Each structure stands twice: as C-alpha cells, then as structure tokens.
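None of the values given here were measured: they were computed from a predicted structure. Lettering of chains follows the sequences in order, A, B, ..., and the numbering in each one begins at 1. FYI, side chains are in, hydrogens and waters are out, and symmetry mates aren't considered; it's all heavy atoms of this structure.
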Protein chains: 2
Amino acid sequence: MSSEERKKTRVTLLDVARHANVSRATASLVLRKSPLVGSETRMRVEEAMRDLGYVYNIGAARLRVERSQIIGAIVPNLTNPFFAELLSGIEEIIGATGKVVILAKSGDRVEQQEMLLRRMREHGVDGVILCPAAHTESTLSEQITAWDMPVVQVLRHISFDMDYVGADYATGMRQAVDYLASLGHERIAFAVHGPVHSAYQERVDGFRDAMLSRGLDPSILIRFPTQLGEIAKATHLLFDRAIRPTAVICFNHLVALGLSAGLQDCGLTIGRDLSLIGFDDVADAEAIRPRLTSVSTGPVAIGEMAARLLVERIADPALPPRRLVNDTTLHIRQSCGRPN
Amino acid sequence: MSSEERKKTRVTLLDVARHANVSRATASLVLRKSPLVGSETRMRVEEAMRDLGYVYNIGAARLRVERSQIIGAIVPNLTNPFFAELLSGIEEIIGATGKVVILAKSGDRVEQQEMLLRRMREHGVDGVILCPAAHTESTLSEQITAWDMPVVQVLRHISFDMDYVGADYATGMRQAVDYLASLGHERIAFAVHGPVHSAYQERVDGFRDAMLSRGLDPSILIRFPTQLGEIAKATHLLFDRAIRPTAVICFNHLVALGLSAGLQDCGLTIGRDLSLIGFDDVADAEAIRPRLTSVSTGPVAIGEMAARLLVERIADPALPPRRLVNDTTLHIRQSCGRPN
DNA sequence: GAAACATTTTAGATCGATCTAAGTGACGTG
DNA sequence: CACGTCACTTAGATCGATCTAAAATGTTTC
C-alpha cells in the first residue's frame with residue numbers, strides 16, 4: 001500500500017515495452033504508427049498501453065523532436081466578443097490538426113505583449129497568432145524573425161515581412177459609404193474609438209477615400225470613449241458640431257451598440273432621424289432593434305484563415321510572406337433611411 | 001555562414017555555462033534564483049544569458065520536475081460572450097502566477113471533451129478548469145481522481161468530489177421572482193433553452209422554489225431554440241398557452257437578447273405589455289433598450305475564483321473539495337413594470 | 001598545522017520520449 | 001552452404017533542464 005502510494009510515477013513507454021516484451025524503440029514505433037512493426041507485435045503493444053493506461057508524454061517527445069504541438073494566440077482583450085469569435089475560429093482549426101492553443105491577452109500593452117511572447121518561447125510554441133498591441137514597434141518583426149518563430153499577424157499588422165490575415169476594411173468602408181450615399185446622405189460621420197493601429201488607420205483611410213471619391217466631406221471624424229456604457233452617454237458628440245451629420249458609420253460593434261443605445265436614450269429614431277451603420281457584426285448584435293445595417297467582417301472566418309496560414313507557415317518556413325484579406329459584406333437591415 | 005546556418009540549434013544552459021566559465025549546475029541555480037551562488041558568479045551568468053539571448057526551456061525542465069506551468073480550460077463554447085468573460089477572468093489570474101492557459105472548447109459534446117482531457121494530459125497540464133459538457137457522466141470524476149489530475153468545475157458540476165465554482169443560481173432566481181412578485185406579477189414564465197445540466201437544473205429548481213414559496217404557479221416553463229436569431233422568431237411561444245404570462249424570466253443572456261428583440265418585433269413594449277428579466281448580464285447586454293433588468297452572475301469574477309482555487313488545489317492536492325458560489329445581484333433597470 | 005565548518009561549485013545520473021545504426025532470423029538464390 | 005534480401009527489432013546516444021551527493025575553497029578555532 002505505502003509502496004504503491006510512493007510509486008506515484010506515471011506509466012512510461014518503458015513500462016509499456018516491458019509489459020509487451022519488446023524494446024522501448026519498438027513501443028515508440030507503434031506509438032508513431034510506423035509501418036515497420038509487425039502486426040502481431042503492434043497489437044501486443046497497443047494492448048499493453050490500454051492495460052497500463054499509458055498516456056503519451058508530448059513534453060518528453062518534444063525534447064528530441066522539434067515540435068511542441070502548441071501554438072500561441074495573443075489578443076488585446078477577451079471580453080470583446082469580436083476577439084472571442086476570432087479565437088473560436090483559431091481554436092477550431094488548430095484543435096482539428098491535433099495541436100493545442102495557448103491563449104493570452106495583452107491588454108493592448110506592449111510590455112505585456114513582450115512578456116507573453118517570451119513566455120511562449122519558453123514553452124517552445126511552434127508558432128504564434130498575434131494581434132499586435134497598439135503602438136507595437138515594427139522592429140518587433142525583426143526580433144521575431146531573429147528568433148525564427150513562425151508568426152501570423154491578425155486583424156492588425158506591423159510589418160510586411162510576416163504573414164497577415166485581416167478584413168478588407170477599405171472595401172467595407174466603401175460599401176457603407178456607397179450605400180449611405182445612394183440613400184442621399186452627404187454629411188456622413190465616422191464614429192471612432194480606441195487606440196490607433198493599422199486596422200484603425202485602414203478604416204479611417206478607407207472612409208476618407210470612399211467619401212472623397214463621392215465628392216463628399218471626409219472630415220467628420222468623431223472620437224468616442226472606450227467603454228460601451230460611456231459611448232452611449234457620449235452620443236451628444238454627434239450633434240456638437242457645426243455641421244450635423246445625417247448618417248453615422250461606426251468603427252466597430254462596440255460603437256454601434258453604444259450609439260444605438262445612446263440615440264434611443266436621446267429619443268431619436270434610428271433610420272429616420274439618423275442613419276446608423278455598424279461594423280464587425282458580432283453575434284449579439286442581432287438582438288439590437290431596430291436591426292442594425294452593418295458591415296460584417298467575419299471574425300470566425302478570419303481566425304480560421306489565420307490558423308490555417310500558421311499551420312502552413314510552420315510546415316514550410318521558407319514560404320514568402322502572404323497577406324489575406326477576408327471579404328466584407330454589407331448586411332442591409334433597418335437602421336438606415338433617407339436623410340431629412 | 002553555412003555552418004552558422006546549420007547550427008540553428010537553440011542556446012542551451014550549457015552554452016551559457018561555458019560562456020560564463022561555470023558548470024551547467026551553477027547556471028541552473030542562477031536560473032532558479034538559488035541563494036547558493038555567489039553574487040559575482042550570478043552576475044557573470046546573468047550577463048552570459050543576456051549576451052547569448054538564452055531562452056528558458058520549460059519543456060526540458062518539466063521532464064525532471066513535476067510541473068509544466070500549463071493549465072487547461074475547457075468550455076462548451078467560445079462565441080458565447082458569457083464564456084469569453086469567464087475565460088478572461090481565468091487568464092488574468094493564471095497569467096499573473098506565471099502559468100499559461102491552454103484553451104479548448106468541447107461544443108458540449110462528451111466525446112470531444114474526453115479527447116480534450118486526454119490531449120491535455122499528454123501535455124502534462126498541472127490542472128484543468130472544466131465546464132463539463134452537458135450529459136457528462138458523473139463517473140468522469142472518478143477517472144479524474146484516478147489520473148490524479150487537479151480539476152476545478154466551473155458553472156456546472158458533475159460531482160461533489162471535485163472543487164466547484166459557480167453562481168448562486170437559487171438566490172438569483174429568488175431575487176428575480178421576489179422582485180416581479182413585489183410589482184404584483186403572478187403569472188411568471190421561465191424561458192429556458194439549451195441542454196440540461198446542473199446549472200440548468202439549479203435555475204429551474206430555484207425558479208420553482210421561489211414561485212412556490214410565494215404561492216405562485218411554478219409550471220410555466222417555456223423552452224426556446226438554441227440560436228439567438230431563432231429565439232427572437234419563437235417569441236410567440238410565450239403567448240401560445242392558455243394562461244398568458246405577465247412577466248418572463250430569461251434563462252441566460254441569449255434568451256434575454258432574443259426575447260427582447262422578438263417582443264419588439266411583435267410590437268410589444270417591454271416593461272409595459274410584458275415584464276422581462278435577464279440573467280447573466282454580459283457586457284453587451286448594456287446596449288439593449290429598454291435597459292434590461294437583470295440578474296448578474298459575474299462571469300469574470302467566477303473565472304478568477306476558479307483559477308485561484310485551481311492554483312491552491314495544485315499546491316495542496318490533499319485539500320478537501322470546496323464549493324464556491326458567487327453572489328448574484330439584481331440590477332433593476334427598465335424592463336419591468338406592473339402587470340396589466 | 002589540523003580539524004571543523006560554512007560557502008560555493010560541480011560531475012553525473014535522471015526525466016521520457018526519438019533516432020541512428022546495427023543486429024536478428026527467415027528465406028531465397030546461385 | 002555462403003550470401004544477399006527482407007522484415008522486423010533493439011541498444012544506446014540524445015534532447016535540455018534539475019537534483020543529489022560530493023568536491024573544492026575559504027575561514028575559524030583550538
């Protein structure tokens with residue numbers, strides 16, 4: 001009993017081998033489904049594994065072979081459903097390839113992100129899917145290549161030397177602007193918030209380009225607070241300017257939800273008094289009434305694409321860097337009408 | 001150059017030791033901040049680490065010492081913001097202790113969950129935070145103790161032999177029922193959905209008890225579809241019965257969002273024509289108008305509690321199993337009024 | 001100057017897998 | 001019957017850390 005208890009040691013491949021009357025090497029071959037072992041032997045070993053309740057020790061294997069079967073995912077934030085959906089896509093694909101994903105949030109803080117990258121290297125991850133924290137220096141990319149660690153950037157990019165998967169923000173913006181323009185809107189505001197990063201810049205640029213190409217004034221950029229509750233309270237910012245917009249495009253789903261609530265709080269009717277277009281269309285946004293016309297960027301699909309890209313990158317590190325942008329779709333619902 | 005290239009081997013502790021003119025053992029002691037090494041030596045070694053860009057290899061260390069610094073988290077689903085917030089709490093605490101979390105979703109499928117548990121064992125996780133898939137057999141708990149793997153159950157429980165952290169669903173239900181009753185409601189429905197599990201049962205039981213103790217009919221249980229969009233479309237189920245409820249308590253935030261949307265689609269005014277109480281109050285629910293009166297269960301806090309419990313459990317596996325329930329709070333907002 | 005002691009340092013075994021290179025038999029062939 | 005082939009099987013080194021037990025060094029004491 002006491003000797004049983006002290007012998008808390010896990011079942012090892014050697015135990016299996018002994019139990020099956022073969023060598024450690026043969027047992028290892030069975031484990032890796034090598035065609036070299038005879039079928040009778042194979043069966044005996046597999047039975048031994050079952051009998052002893054053997055569990056493969058990836059950590060030990062990894063020491064020899066250069067593959068940990070772990071990949072990392074670093075996102076700014078998890079409470080934002082947009083990133084949660086992204087992660088869901090990542091986990092789906094990575095899990096299907098038999099790997100496992102280590103999750104971490106940077107809080108959009110560069111030092112935290114640095115710490116996480118180091119921690120992941122310590123764990124010997126095979127690669128990382130990184131949504132770079134705002135204000136990440138582009139030199140990070142050089143460090144990463146120096147470490148030769150496969151990395152795919154998602155949603156935001158800091159360098160052209162690494163793979164990137166994101167949404168086609170420019171087209172999304174154009175879809176939104178075109179639609180509003182087609183309804184007759186001319187004074188269109190872009191309601192932004194959060195830190196500046198590539199995706200922010202692309203949306204702002206996309207907005208500007210789309211507006212200019214229609215001959216409209218692209219300068220109505222209004223900056224809102226970070227938190228959902230605060231955004232709703234700050235709705236008045238829309239009306240504080242000399243030129244009052246007749247339509248608003250929202251930076252992301254948080255701004256969309258916030259303004260949708262805030263406008264109703266002001267007693268305004270969305271779609272009649274003011275047109276509103278959302279961005280990023282996460283699942284919960286379906287529940288907003290009036291239904292939000294919105295540009296959908298497909299976070300789950302982006303996560304899946306990023307995961308696939310990373311897997312390919314790990315398989316062949318020599319591949320030239322690729323950039324994938326997911327198409328956006330304008331879902332026309334009820335939050336837009338003609339200007340008045 | 002070519003010899004440099006082929007020497008792609010990572011910097012090891014032995015390299016550091018040689019560079020600092022000490023033995024591997026000493027370098028290892030420095031790494032672990034042992035007080036045994038002289039300060040001059042320590043500095044020399046630390047400098048060598050910096051010079052060579054040494055990265056600790058946790059995997060190798062783990063082979064000797066029984067600690068992988070990895071914990072697992074298994075949830076049914078990630079696109080549901082409730083679980084995302086839970087995860088955020090978990091990551092926060094685990095990350096702060098220097099560990100790392102492996103994330104996986106079971107899709108509420110028992111076989112998938114089994115596969116994930118095995119995979120995590122293969123990775124040698126120090127423990128797992130598990131939200132058991134619906135229909136998980138309680139025998140799983142025996143297996144887990146046989147593996148002697150520290151596990152904390154969250155939100156749902158299948159066994160009293162393992163730690164558990166959840167919300168105080170019974171009290172939450174009582175708060176909701178009491179509040180509605182105090183407004184004069186007598187025909188209160190409970191709108192449920194999803195698979196049956198302990199948390200489901202606790203809510204249903206809580207509802208029944210609370211209703212009975214007020215002398216009210218506890219039998220108005222209405223079952224809704226799984227998807228948000230479907231729920232809204234199924235709103236009519238509320239009115240299909242002989243006795244028409246004047247108030248509805250929602251099983252979770254999905255049902256709350258769905259019905260909130262569905263009722264507005266029916267042209268009803270929430271709070272006047274029908275009172276609605278939400279459950280689980282996730283961040284995005286703030287954007288619903290009229291503002292949803294809701295029982296908040298605090299997923300982030302639950303995640304944090306679970307993580308702390310797991311850390312303690314890992315430190316002392318002999319601890320008796322504990323059960324923690326997080327208090328619920330009724331947030332009174334605008335979705336309830338007197339019956340008419 | 002030897003013994004006793006404290007302070008640092010180290011050689012070598014070890015964890016649990018994989019990989020290389022070599023070793024068995026059994027069988028067919030010239 | 002020696003030899004090459006084929007189909008398996010295996011001993012032993014190896015990955016990069018930790019740990020034990022012992023050695024080297026310096027200090028004090030008698």
A.B. asks: Which pair of heavy atoms, one from B:Gln69 and one from B:Asp126, lies closest together, and at what distance?
C.D. replies: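 Nearest heavy atoms, B:Gln69 then B:Asp126: N-OD2, 2.8 Å.
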A.B. asks: Just how far is it from atom CG of B:Asp163 to atom CZ of B:Arg313, taken to the nearest 0.5 Å?
C.D. replies: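 Going from the CG atom of B:Asp163 to the CZ atom of B:Arg313 covers 4.0 Å.
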A.B. asks: Identify the heavy atoms of B:Leu140 and B:Thr136 that sit nearest to each other, and give their distance.
C.D. replies: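 Reported closest heavy-atom pair: CD2-CG2, 3.5 Å.
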A.B. asks: For DNA chain D, which residues in residues 28-50 of chain B have a heavy atom at a distance below 4.0 Å?
C.D. replies: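 Within residues 28-50 of chain B, the residues near DNA chain D are B:Ser28, B:Arg32.
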A.B. asks: Report the C-alpha distance between B:Tyr164 and B:Val325 in whole Å, list the side-chain angles of each, state the deciding distance to 0.1 Å, and finish with yes or no for side-chain contact (heavy atoms from CB on, under 4.5 Å).
C.D. replies: CA-CA 8 Å; B:Tyr164 164 72; B:Val325 289; 4.3 Å; yes
A.B. asks: Mind checking if A:Thr26 touches a base, just sugar-phosphate, or nothing, with heavy atoms under 4.0 Å?
C.D. replies: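 Here A:Thr26 touches the bases of the nucleic acid.
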A.B. asks: Given 3.5 Å as the limit, does a donor-acceptor pair link the side chain of A:Gln113 with the main chain of A:Ala133, or not?
C.D. replies: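 Checking the backbone N and O of A:Ala133 against the side chain of A:Gln113, a donor-acceptor pair under 3.5 Å is found.
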A.B. asks: Between side-chain atoms of residues 11-22 of chain B and protein atoms elsewhere (two or more places apart, or another chain), which donor-acceptor pairs fall under 3.5 Å?
C.D. replies:
{"residue": "B:Thr12", "atom": "OG1", "partner": "B:Leu14", "partner atom": "N", "Å": "3.3"}
{"residue": "B:Asp15", "atom": "OD2", "partner": "B:Thr12", "partner atom": "N", "Å": "2.9"}

A.B. asks: Specify the residues of residues 16-23 of chain A, ordered by number, for which at least one heavy atom lies under 4.0 angstrom from an atom of DNA chain D.
C.D. replies: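 Contacts with DNA chain D under 4.0 Å: A:Val22, A:Ser23.
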A.B. asks: Surrounding CD of B:Glu137 (heavy atoms of other residues, nucleotides or ligands, distance under 6.0 Å), is the total greater than 12?
C.D. replies: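 No, because the 6.0 Å sphere around CD of B:Glu137 holds 12 heavy atoms or fewer from other groups.
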A.B. asks: Between atom CG of A:Leu52 and atom CD of A:Glu47, what is the distance when rounded to the nearest 0.5 Å?
C.D. replies: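 Here the interatomic distance stands at 10.0 Å.
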A.B. asks: For DNA chain D, note the earliest and the latest nucleotide, 5' to 3', having some atom under 4.0 Å of a heavy atom belonging to chain A.
C.D. replies: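 Contact span on the strand: D:dC8 to D:dG16.
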A.B. asks: Which residues, if any, of residues 57-69 of chain B bring a heavy atom under 4.0 Å of DNA chain D?
C.D. replies: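 By residue number: B:Asn57, B:Ala60, B:Ala61, B:Leu63, B:Arg64, B:Val65.
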A.B. asks: Below 3.5 Å, can you tabulate the donor-acceptor pairs from side chains in residues 26-34 of chain A to any protein atom, sequence neighbours excluded?
C.D. replies:
{"residue": "A:Thr26", "atom": "OG1", "partner": "A:Ser23", "partner atom": "OG", "Å": "3.1"}
{"residue": "A:Ser28", "atom": "OG", "partner": "A:Arg32", "partner atom": "NE", "Å": "3.2"}
{"residue": "A:Ser28", "atom": "OG", "partner": "A:Arg32", "partner atom": "NH2", "Å": "2.7"}
{"residue": "A:Arg32", "atom": "NE", "partner": "A:Ser28", "partner atom": "O", "Å": "3.3"}
{"residue": "A:Ser34", "atom": "OG", "partner": "A:Leu36", "partner atom": "N", "Å": "3.0"}

A.B. asks: Is B:Asp108 reaching over with its side chain to a backbone N or O of B:Ala134, donor-acceptor style, under 3.5 angstrom?
C.D. replies: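 At least one qualifying donor-acceptor pair exists.
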A.B. asks: Nearest 0.5 Å, what's the CG-CD distance between B:Leu86 and B:Glu304?
C.D. replies: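 Output value for this atom pair is 10.0 Å.
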A.B. asks: Taking it one step at a time, do B:Arg308 and B:Ile93 satisfy side-chain contact (heavy atoms from CB on, under 4.5 Å)?
C.D. replies: CA-CA 7 Å; B:Arg308 269 191 276 265; B:Ile93 299 298; 3.4 Å; yes
